[in-house]
Number of protein chains: 2
Amino acid sequence: MASKKSTLAATALRALRRKLPGRVSVTQAARFKASVDNLRLSFWPDAVVRVEAAQEVGMVLKLAHEYGIPVTARGAGSSATGSAVPLRRGWALDLTALDGVKIDRVARIATVGAGVVTADLQTRVERAGLFYPPDPSSKKYSTIGGNIACNAGGMRCVKYGVTRDYVLGWSGFLADGSPVQWGLPLKKYVSGLNLRDLWIGSEGTLGVVTEAHLRLVAKPEQRWMGLYAFKSESSALRAVRELLKAGIEPSILEFMDCQTVACAEAYTGKPLLSDTSGVSILLIELDGSAGELRKQRAALRAFMLDRTVAQREARGEMQAEALLQVRRTCSQSMYSLGDTKLNEDVVVPIEKQAELIRYTIALKKEIGLPTPTYGHAGDGNLHVHIMYNRGDASQSKRAKRGIKKLMRKVVELGGVITGEHGIGLAKVPFMGLQHSAAEIAAMRAVKDALDPKGILNPGKIFEPFEVWDHEPVAVKFSWDH
Amino acid sequence: MASKKSTLAATALRALRRKLPGRVSVTQAARFKASVDNLRLSFWPDAVVRVEAAQEVGMVLKLAHEYGIPVTARGAGSSATGSAVPLRRGWALDLTALDGVKIDRVARIATVGAGVVTADLQTRVERAGLFYPPDPSSKKYSTIGGNIACNAGGMRCVKYGVTRDYVLGWSGFLADGSPVQWGLPLKKYVSGLNLRDLWIGSEGTLGVVTEAHLRLVAKPEQRWMGLYAFKSESSALRAVRELLKAGIEPSILEFMDCQTVACAEAYTGKPLLSDTSGVSILLIELDGSAGELRKQRAALRAFMLDRTVAQREARGEMQAEALLQVRRTCSQSMYSLGDTKLNEDVVVPIEKQAELIRYTIALKKEIGLPTPTYGHAGDGNLHVHIMYNRGDASQSKRAKRGIKKLMRKVVELGGVITGEHGIGLAKVPFMGLQHSAAEIAAMRAVKDALDPKGILNPGKIFEPFEVWDHEPVAVKFSWDH
């Protein structure tokens, strides 16, 4: 049986090479590169196909469907959950060469290849006087295809929403290689079942997106940023709740707990704010017209007057970028606390964030491992981390126990186990916490309907996997500092 | 076979009455009322079930699934496409009693029963200092459940988007009666496959929504409105393109062609603008803070200076409402041109709108029937009508030929056959113009996966139906003037 399967795979690969000469690579280097993503677990594909035109994706899928070969589409491989790795071997489908961008300034729609890097799109859109808001922290590397596959979020969602809110339509291919067009470059579209949105966040398990039509908005005239230190997490999170209630509309509203601030300060070698220690921080951006900004800023300053222990306002774009950079280094800086990170992008209702933080602090004591937490407090989307040393069996055991308890708590608070990373491999153990058996069965029925042979990114979302039982590989990505 | 089926249906109905005493009605009056929607074709259900709590929907579906009884969910019945009528008999599921509303001002989320009338929700939200933008022209009657089922649009989409853009999550029931929760009252959610959005616009064919979590936004401080007359359709539509390009951001941008203006003027008995005739009109609303509004208004006035033949600005809310009322009467006023209306809510790219209007004018000549057109020009979403007298065989034939030609033209222009009404029964003949066989097969596969017995709103979207071959019934709805 196994030999029949491998003979078929070899036949399929030969057919693929004939169909797409020059696109298929089976070198060690190419296969290793396509075997990992930012989760850093490695599963080798049999071959890597680097398509150079959308219709080649159809050709690849047609063959894969015929021979039953797993296909895992990928862009930059910056997924935090393993959603881009070819768990069941087969073909890794590299979409990064699909990098066309066309901007319609009247309709305010960008038509973008799946391989376009998010930050590059933003730069081009801003040059046209417009704005594409979704800004996952990976945006300098991650691609639009990956952003759609994971419904990427980021810091500006509090005001502008997530990737899904900007997808008007896209073209791509079904599992059997048939081309499909779900939605068009139009502002309204309700023809037939909404398979456009079904694909969003489906991590390449339902089909492959090759080109998307994205809604653009007016570029904010001005931006302004401030950093606020609070004596405790609970006072910072109370401020979040109250400022939203007061009608202040930040375009960024980030929270860093005391553990995170300490990590970042140790990493950069300097305090985020002079004369403070043991503080918790809010990073707040306002944007809009000069008039609006003046009003909002005055309201924010008055609001913060008695609440903070220290604060710093950015003078100009460069200082603002420096403050943002502090927030962006949080993720890396935590490796001073352990060689392994469990990173959970949970969401809880805004008014439950303080309770979640109290829980992470209690959990830290209980499991004896650091639980630094930061994230998008305006959305209730906090990144809770458990840091540990993988070589230490006791730590590993405690980390695993801690993460399971955390996820139960999140669901108990009315939250969700993932707000912007997706399930991939990393969140699979928690699907049953979030969803009923009927819900999971309905999802699987839809998956099976669209991918009857199960060739699209097999093993993800639904099948058992425990990330902590797998050994990460040593790999240096372009985004590692 | 037929008798076995009817025995089963009788058994099922008895079981339903036992389970839900007081909820089931089989009177002529109740059944007739549930047999029609705004398409005005009548298909009688066997019974009407008026649920009073969400879990009763689960009980109804469980029984219907067991006995294979068609279930057609409905709210106000304001669907323009027949999506709310029980084409295959069975049970009409009246959701209007699910009318709870809860508003979270901090998170800016409303949790709303499927039966809540859209305008009532808007009033309550505005009382809380917030804003729920989607505003289908049926909003004084239509319900949130129906808005989600059709992904309703309306006039403010040009700035604020459609219903889908405000749905964060909802609870409801699968075809077999299992409760599901797709999404939560949270700003970010990417757990598992995105069945939340798949349901949106699915016209009750995939499941039944009983409660939704809707995103709210800040209430605009001020609004302002102007009416602009142009000497021709093409000059009005050129203005649309140029004002969008110039960065003016209307919250409403409506177009009425000369035929529509003439109808409305005949209907109300007075010209929309003094000293004009044979004009085409743009109705423009701006909203925002006082400062923003001042700037945008100045820009709009300067922009319009040399372009219009007449204009009128609303002084205050009442005058603005009067201008909007003009637009809202367009639909009714057309019945002076014929007793039957084919109403197509097509969308074309913004820059193709002028070409579409030229086509409707040519079509008018070709088929010898009026083709009045108005709609949401900021979205490219124009409502093209063909008015005729059904009793006249020649007119009926020409209307049918005209509508088919129109739809082909729309698709040829890169447009979509429906932007906010959905397919229902009325657009079924055009599905094949819009979608490839593979696309339709994929949609059907998803439908079959979630509703394997085909009990949910059977006959809609996918099955052959020619609306013009069916006789409408005389019915007076609360929205008829």
Side-chain angles (χ1 to χ4, degrees), chain A residues 105-107 150-151 153 157 162 165 174 178 180 184-195 197-198 200-202 218 241 244-245 247 249 289 291-292 347 349-351 379-381 414-423 431 434-436 438-439 442-443 445-450 461, chain B residues 105-107 150-151 153 157 162 165 174 178 180 184-195 197-198 200-202 218 241 244-245 247 249 289 291-292 347 349-351 379-381 414-423 431 434-436 438-439 442-443 445-450 461:
Chain A
R105 284 180 54 211
V106 173
C150 300
N151 192 8
C157 301
V162 296
D165 300 320
L174 295 173
S178 303
V180 288
L184 286 166
L186 300 170
K187 294 285 180 69
K188 287 174 169 172
Y189 185 107
V190 293
S191 183
L193 297 183
N194 182 8
L195 270 65
D197 290 348
L198 173 64
I200 299 173
S202 69
R241 223 170 54 219
L244 291 174
K245 197 169 176 180
E249 288 208 85
S289 66
E292 251 181 303
V347 188
I350 305 282
E351 80 272 19
D379 306 317
N381 183 198
V416 66
I417 58 174
T418 174
E420 54 183 12
H421 292 173
I423 301 293
M431 279 288 283
Q434 191 74 58
H435 304 289
S436 69
E439 287 167 356
M443 290 182 196
V446 167
K447 158 72 179 171
D448 293 344
L450 291 176
I461 303 181
Chain B
R105 285 179 55 211
V106 173
C150 298
N151 193 7
C157 301
V162 296
D165 300 320
L174 294 174
S178 304
V180 288
L184 287 167
L186 301 170
K187 294 285 180 70
K188 288 175 169 171
Y189 185 106
V190 293
S191 183
L193 297 183
N194 181 7
L195 271 65
D197 290 347
L198 173 65
I200 299 173
S202 68
R241 224 172 50 220
L244 291 175
K245 195 167 176 182
E249 287 208 83
S289 66
E292 250 181 304
V347 188
I350 305 282
E351 81 272 18
D379 305 316
N381 181 198
V416 66
I417 58 174
T418 175
E420 52 183 13
H421 292 172
I423 300 294
M431 280 287 283
Q434 190 74 60
H435 304 288
S436 69
E439 286 167 355
M443 290 182 196
V446 167
K447 158 75 177 168
D448 294 344
L450 292 176
I461 303 180

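Protein chains get the first letters and strands the later ones, always in sequence-line order, with residue 1 at the start of each. All values reported here derive from a predicted model rather than from experimental measurement.
Considering only heavy-atom pairs separated by less than 4.5 Å from chain B, the leading option among A:K245, A:M443, A:R241 is A:M443. In terms of non-hydrogen atom pairs under 4.5 Å with chain B, the most contact-rich of A:V446, A:N151, A:D165, A:I417 is A:V446. Between chain B and the options A:L244, A:I461, A:D448, A:N381, heavy-atom pairs under 4.5 Å are most frequent for A:N381. Between chain B and the residues A:G380, A:G422, A:S178, A:G153, the largest count of heavy-atom pairs under 4.5 Å involves A:G422. When each of B:A445, B:S289, B:G201, B:S191 is scored by its heavy-atom pairs under 4.5 Å with chain A, the top score falls to B:S191. Put simply, of B:L195, B:V180, B:V416, the one with the most heavy-atom pairs under 4.5 Å next to chain A is B:V416.
Only the side chain of A:V162 comes within less than 4.5 Å of a heavy atom of chain B; its backbone N, CA, C and O stay farther away. For chain A, the nearby part of B:M431 is the side chain; its heavy atoms alone come within less than 4.5 Å. There is no contact between A:P185 and chain B, counting heavy-atom distances below 4.5 Å. When heavy atoms are compared at a cutoff of 4.5 Å, B:E439 approaches chain A by way of both its backbone and its side chain. Both the backbone and the side chain of A:T418 come within contact range of chain B, each with at least one heavy atom under 4.5 Å from a heavy atom of that chain. Within the 4.5 angstrom heavy-atom criterion, only side-chain atoms of A:E249, from C-beta onward, approach chain B.
Listed by chain and residue number, A:I350, B:D104, B:I109 satisfy the side-chain contact (heavy atoms from CB on, under 4.5 Å) test with B:A107 (two or more places apart in sequence, or in another chain). The side-chain hydrogen bond (donor to acceptor under 3.5 Å, both in side chains) check on A:S202 picks up nothing, with sequence neighbours excluded.
Taken to the nearest 0.5 Å, the CG atom of B:L184 stands 6.0 Å off from the CD atom of A:Q434. A:K187 NZ to B:E420 CD: the interatomic distance, rounded to the nearest 0.5 Å, is 14.0 Å. To the nearest 0.5 Å, atom CD1 of residue A:I200 and atom CG of residue B:L198 are 11.5 Å apart.
Between the side chain of A:N194 and the main chain of B:D197, a donor-acceptor pair closer than 3.5 Å is present.
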